[in-house]
Visitor: 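Here it is, the structure in full.
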Amino acid sequence: MGIMAAVTPGSFGTKPIPRIDVTSEQIALLAKINISYYKPSESNRMASCVYSNLRKMNYKDVDCSFTINLLWKVSWPLRSPMPGWSGYMQMVQEGTYPGKSSFVFLPMIDLNPSDLSCIYSTLTFICKEAHRYQKPPIVTFDQPLYWKALCIITNEKTESDLKQIVLRLGGFHTKMSFLGSIGRLMAGSGLHEVLETVYASNAVNHMLSGKAVSRAVRGFMMVENALHILLMKVSFRVSLPSAHESDITEADSSECDEIVEKACKLYDRFVAGEETTESVEQSSILSEINTKLVATKEKLSKSRTSSLWLNFCRMTNILSKFIIAERTGNWDLHLSSIQEMLPFFVAAGHNLYAKSAYVYLSMMQRLEIDHPDVYRYFKAGHHVLRRTDRFWSGLSTDLTIEQILMRSVKSSGGLTRGRGMGESQRAQWILSMPACADYNSAMQDLTGVGYCTSDQHKETTRARKERDRVDTLAILEYLSEKSPFTNDVSLRNIETGVEAEPDVNVDKAESIGNKILELMKGQKVLSYRFKKSNQSITLAAKPKSKSDSDFLNTDIDPQLMFQRLTTAANGLFENISEVFQYELSSVPSSMFDCNRLPREACKSNLADAIWVCGSDCIHEIDGEGFQYVLDGGSLLQRIPWTHGDSFGDITQMYVDHVIRKYKDPVIVFDSFPELSSIKDITHLRRTKGIISPNINFTSSMPCKTKKELFMSNNHNKQALINMLCDKLKDNDIRCKNATDDADLLIAQTAVDCALSSEVVVIGEDTDLLVLLIYHVNQQCKRVIFKSDKMAINNKMKIWNIQQTKGFLGEDVCNLLPFLHSITGCDSTSRLYGIGKGFALKKLNQEYLKMQGKVFMNNNSNKADIIKAGEEALTCLYGGRPLEGLNILRWRKFTSRVITENTSVQVKSLPPTSDSGQFHSLRVYHQCQKWMSEEVDMDPTDYGWEIKRGKLCPILMELPPAPDKLLNIIRCNCKQNCDTKRCVCRKNGLLCSETCLKEGICVICQNFISHEDTIVVLGEKGSQSVIKASKSRQDNVVTSVGQKLHQNFRKSYTNPKYINLANREIKHETTNVPKLRSKVEFDFKKHCLFCGQLADAVIGRKRKSDVYPVRTSEFQCKIEDICKQREDEWALETCSVNFRTLKQTPLAFSPPAKKAKTQAGRKSSLSESFLFATKYLQQNEDEQITVTDLVKKISEHCGIDDASVNFEFYEQTNTNRSIDKGNKSIIKAAAKILKSEIRSSETSIKALYPSTDELSAQNNMKYVPESLQTLLQTIFSGKDTRLKIMSIGQSIVQAAAPRMFMLPLQLALGVQLHHNLSSRFLTDTLNSLGFCSSYTEIQKFECCAAA
């Protein structure tokens, strides 16, 4: 836990630091915070806290940012490039402020920050420090720590010191959460794609999550500015600037309303300082503009898409108000903007910040009563801190700790960059940081070189203004093409055109949030739970499945149910044939699959059967003059789409394809009305419940979805057909649109065209072939049916319809629709085991023809239809006339039980009369629709029912079985069925998945009930269980989709529990050596010395711990070493240490040999040297000359000081390189300078110089006047004072290294260490004489810390 204190206004400058010896242990004690372990109180006062009513805060009188903001937005189109929003605010915002803050690092607590004891210790420490300085304790946390600190303080006793703490919620982290809320609410709206015009995709992801704060603020501001320009275009006829223009011309400005030009002139005067903030706020021009913009917004808000993007502008305005409050220190605006954030927090699901911000607001609204002194401080702007001395520079307190403390820790010179994170290193760094930072700042002030930023805001620079202009215009160009401000009332994604699901309500996010806030009032803080169902549903929310749960969700296997029912019926019914009037399964299995969808028909089998019957009718198209009739549905599926092509390009591809291949065609398209259709279930089966949302597209909009997904939506398909028809008609291509399915209209169109010319029908569907055979007569001209697909192996089926009718016969052709529908088509189910080819052969029977004529008669009543349908099904299943489906079903079952070895499949039995009647009605309805377009029949009267707005087939009226049979085939046992209370056990049945159980867990071998917490294994989950099974050495085998108990699965695959289970079978090693006499020794496996298995030492990286004896030399060497040792070490281990004698314990080590000593120096010289060093250490702080030192040595050791002086002052007169006279002058000058340096009275060796000594004036006093004169004479330039100070102090330090601690030498070393933490660089400059040594810098840090 890092802690930082701030003081406003700051106190700058430090006192001199004593140069003393301090140990790391002493420093660690100074920086240690006593840990106070938190013990929760018995009375939980937090549990009684409630969400109180918040006072409505409106500080328009205090905040004039709205009009200043509006002036910037209105002027942008006509005055671009102009400063960015933040740069503009810095230019125009003025006011009083407390001043620049100073910061102090406090000791760290080496605990997890989220630990309650850590937070409690922090609060206790802060209270003590505040009491020490007699100041109110104010502390800021981010949300997780804020909530825990709030609970701790609230639960404290009334007399506790912690009750005095003013707890604040971090503003910077609140802003991050609000940015994430904006991104969450705008997900799927097209905002991501808008920002991608400027930023990379990954950057946009971080922006919308609230992590990239600076980018998000800039990006949101630019988008909001572009939207405001679009509003101005609507309200004031402002022309949109182009991204390709360098500036805005006068012609552009003259086209807009005059009031906008007046506002721009007001902006010019305001920026130039000719207008004040008060005059701008009271401007009637801006008031009139705002009134007109409000009216435009109200008009546009009728569109849900426009309303959503206006909400985005609203959220961005709240964000800008919060930033203004922090930068200017406006306390009332700070609270007001957070209150405006609350509805969006709860609507977006940011519940943690929602509840924390709510409690924070309620506490701060009582601040004037509870802590009046703190309230006055905050009103004066003390709730923010400033690192620079200007009005627009306020920072949230939690942001400053990120910018200063955390940045210092992680940047160069920080703890994580080589210093170490030990307690002593951490303490030294923290406690010395203020002094080091002051030195660093003083050096930057002295040299004018540093990391400090310019006084000019970065958004006011020319390059940044141009970049902002280009980026804003790129966004504006995108929004102009895909404007959210349209008359379309729907809610959609502006990029893809995807229309929102009916339950999406994100356009009303603020009202939804206010409703949740109303529900929170009066509720207990800890017990209130946010419900996800109350949150806003965004455009990116996963849509609910389009399929009916009755169809796609069923857990009962029809075959299992059939077997249990027939088994149980044996003992309950005397005549078991009675139960076969019921389906004895959950669905009519012969016509429906287990998910209650009709069995899919194999329509192409009928075409194949007809082709085989008339293979002599193969016909090649010859000649010209054909009239082409195209199936529009087949045409749509023919051409592949390219991802990213516009819808205009896609439709043009179809037009080009038709023109290229066909001359003067007629194209017939299906229609997809919004009403329910008998093909709803077919569409559902084809899409598997995955249906694209509605997409409102234009010809210029790119297609970003897959073709299959797009075409799965009838609304999208109809819109595409309409667009394609318009383009085809523009190219003089005839189009027709059916009212529903186009097959009948295609056949009728072909018949009409065949009256005057030969016709070629292009299509794929077998339904179309059947209708052509039925409707085309022999008097028409030739009609040919063929596919548009490429021929495979040069074989393509080309149908001559008249010839086909000839070999089939008139009777079969007239009954072909009946045959096709009863055996399965798009609206009727396939009969399991009854193929279309088999049925075509059966149609030659007169009895089946007679039943079929009932279906082709438009005057048949329901009774006749049901009766004829049952007889037709009985005939197809091989029954006798008038036998009936129920008797046939019983007879088929009994015969198969007798003759077959396997169990009877329920789907192979005929349907019951009950389910067969609905199938017959559906067949009749389809036959009549194919016969004539004028037939108007209600599907709900013919075997259909409406469920959730879709037409669904009625399965049956009777239950699956009699009630007394259903009651005994399943039990309701919640535990294992071990007693006879179990209904299944009582009736001799085994429990199955039809009971209140979902199978058996293969891990615990217990039944899985519906109330158990289970997990359904995926591919990875199944592999993890099998892997764990191998590790446990058991035989558990799982597969994908299997269900297991969640807790057992977690423990079974947990490596910790696997290790515990395998502990008994693992090799166990012991430190006690084994004797060979007590084990069965094998020289190939056991160690020669300790008797342990040689391969027992496993899991180590080194493979040389076991040494096999392979040579006689190795054997002899081991024997010799054993003799030499003569101790017990040989029995302790057989590692490599035995041979090398390395790392041998002292108990087994041989006696160390005494090192030989050489003859030393004379005792008198050694004694004098030791005395000299000791004397220098004892008098380190005093000025000592060489003469004084020689006298002391001679007095103590009796050595002639003349000989000592001779050694120190002897000089040679050889190798002279300059004139003797000049050299004498230089020597004389050097002696004078050296004498003046040594006689200086500014020696401060006992104290480190303070930062005040680093000023230019104070630095000069460390350089003697004679040396200043010399250097001034040598150097050239206008201002050489800095060089004179630096080089002069380097000369002084070199001349008397033990006398001085010069400020520039020390400060340069401290600056290098503070910013770079490079010992190499510091010592290199020290060896060159420019700064103090690294050791001295370390000592300075220790002294500063102490």
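Computed from a predicted structure; not experimentally measured. We count residues from 1, following the sequence as given.
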Visitor: How far apart are the C-alpha atoms of Arg596 and Leu955, what are their side-chain angles, what is the distance that settles it, and do they pass the side-chain contact (heavy atoms from CB on, under 4.5 Å) test?
Guide: CA-CA 8 Å; Arg596 295 176 174 262; Leu955 277 64; 3.8 Å; yes

Visitor: Are Glu193 and Tyr478 close enough, and set up right, to give a side chain to side chain donor-acceptor pair (under 3.5 Å), and what steps lead you there?
Guide: CA-CA 9 Å; Glu193 290 78 6; Tyr478 181 95; 5.3 Å; no

Visitor: Take Ser827 and Gln926, measure what side chain to side chain donor-acceptor pair (under 3.5 Å) needs, and give me the verdict at the end.
Guide: CA-CA 7 Å; Ser827 59; Gln926 182 61 72; 2.4 Å; yes

Visitor: Is the shortest side-chain heavy-atom distance between Pro939 and His925 below 4.5 Å?
Guide: yes

Visitor: Which heavy-atom pair separates Leu831 from His919 by the least distance, and what is that distance?
Guide: CD2-NE2, 4.1 Å

Visitor: Given side chain to side chain donor-acceptor pair (under 3.5 Å), test Gln652 with Asp656 step by step and report yes or no.
Guide: CA-CA 6 Å; Gln652 187 61 45; Asp656 295 340; 2.9 Å; yes

Visitor: Do Arg782 and Glu758 meet the salt-bridge criterion of a basic N to acidic O distance under 4.0 Å?
Guide: yes

Visitor: Quick one: does Asp864's side chain get under 4.5 Å of Asn857's, heavy atoms only?
Guide: no

Visitor: Looking at Leu876, Leu808, Asp811, Leu815, which one forms a side chain to side chain contact (heavy atoms under 4.5 Å, CB included) with Leu843?
Guide: Leu815

Visitor: Do other residues, nucleotides or ligands put more than 12 heavy atoms under 6.0 Å from Asp936 CG?
Guide: no

Visitor: Would you please test Asn605 and Thr823 for side-chain contact (heavy atoms from CB on, under 4.5 Å) and show each step?
Guide: CA-CA 11 Å; Asn605 290 351; Thr823 54; over 6 Å; no

Visitor: Classify the angle between the aromatic ring planes of Tyr662 and His657 as parallel (below 30°), tilted (30 to 60°) or perpendicular (above 60°).
Guide: perpendicular

Visitor: Please test Thr642 against Asp649 for side-chain contact (heavy atoms from CB on, under 4.5 Å), starting from the C-alpha separation and ending with a verdict.
Guide: CA-CA 10 Å; Thr642 302; Asp649 295 336; over 6 Å; no

Visitor: Which value, rounded to the nearest 0.5 Å, describes the distance between Cys952 atom SG and Ile678 atom CD1?
Guide: 13.0 Å

Visitor: Taking atom NZ of Lys842 as the centre, does the number of heavy atoms from other residues, nucleotides or ligands within less than 6.0 Å exceed 12?
Guide: yes

Visitor: Assess whether a salt bridge exists between Asp664 and Arg734, defined as any Lys/Arg side-chain N lying under 4.0 Å from an Asp/Glu carboxylate O.
Guide: yes

Visitor: In terms of relative ring orientation, are Tyr654 and Trp641 parallel, tilted or perpendicular, with 30° and 60° separating the classes?
Guide: perpendicular

Visitor: Which of these, Leu745, Asn737, Leu635, Leu630, sits in a side chain to side chain contact (heavy atoms under 4.5 Å, CB included) with Val668?
Guide: Leu745

Visitor: Only pairs at least two apart or in different chains count here, so list each salt bridge (Lys or Arg N to Asp or Glu O under 4.0 Å) that has a residue in residues 716-732.
Guide: none

Visitor: Please evaluate residues Glu764 and Gln637 with respect to the criterion side-chain contact (heavy atoms from CB on, under 4.5 Å), reporting the C-alpha separation (whole Å), side-chain torsions for both, the decisive distance (0.1 Å), and the verdict.
Guide: CA-CA 10 Å; Glu764 309 287 342; Gln637 301 296 334; over 6 Å; no

Visitor: What pairs of residues pass the side-chain hydrogen bond (donor to acceptor under 3.5 Å, both in side chains) test when at least one of them lies in residues 765-774, not counting sequence neighbours?
Guide: Lys603-Asp765, Lys603-Asp767, Asp767-His820

Visitor: Quick check: do Leu728 and Phe669 have side-chain heavy atoms less than 4.5 Å from each other?
Guide: yes

Visitor: Does atom NZ of Lys862 have more than 12 heavy-atom neighbours, drawn from other residues, nucleotides or ligands, at distances under 6.0 Å?
Guide: yes

Visitor: Where do Gln748 and Asp752 land on the side chain to side chain donor-acceptor pair (under 3.5 Å) test, with the steps shown first?
Guide: CA-CA 6 Å; Gln748 290 176 343; Asp752 294 341; over 6 Å; no

Visitor: Quick check: do Lys797 and Asp608 have side-chain heavy atoms less than 4.5 Å from each other?
Guide: yes

Visitor: Side-chain contact, heavy-atom cut-off 4.5 Å: Ser821 with Phe855?
Guide: no

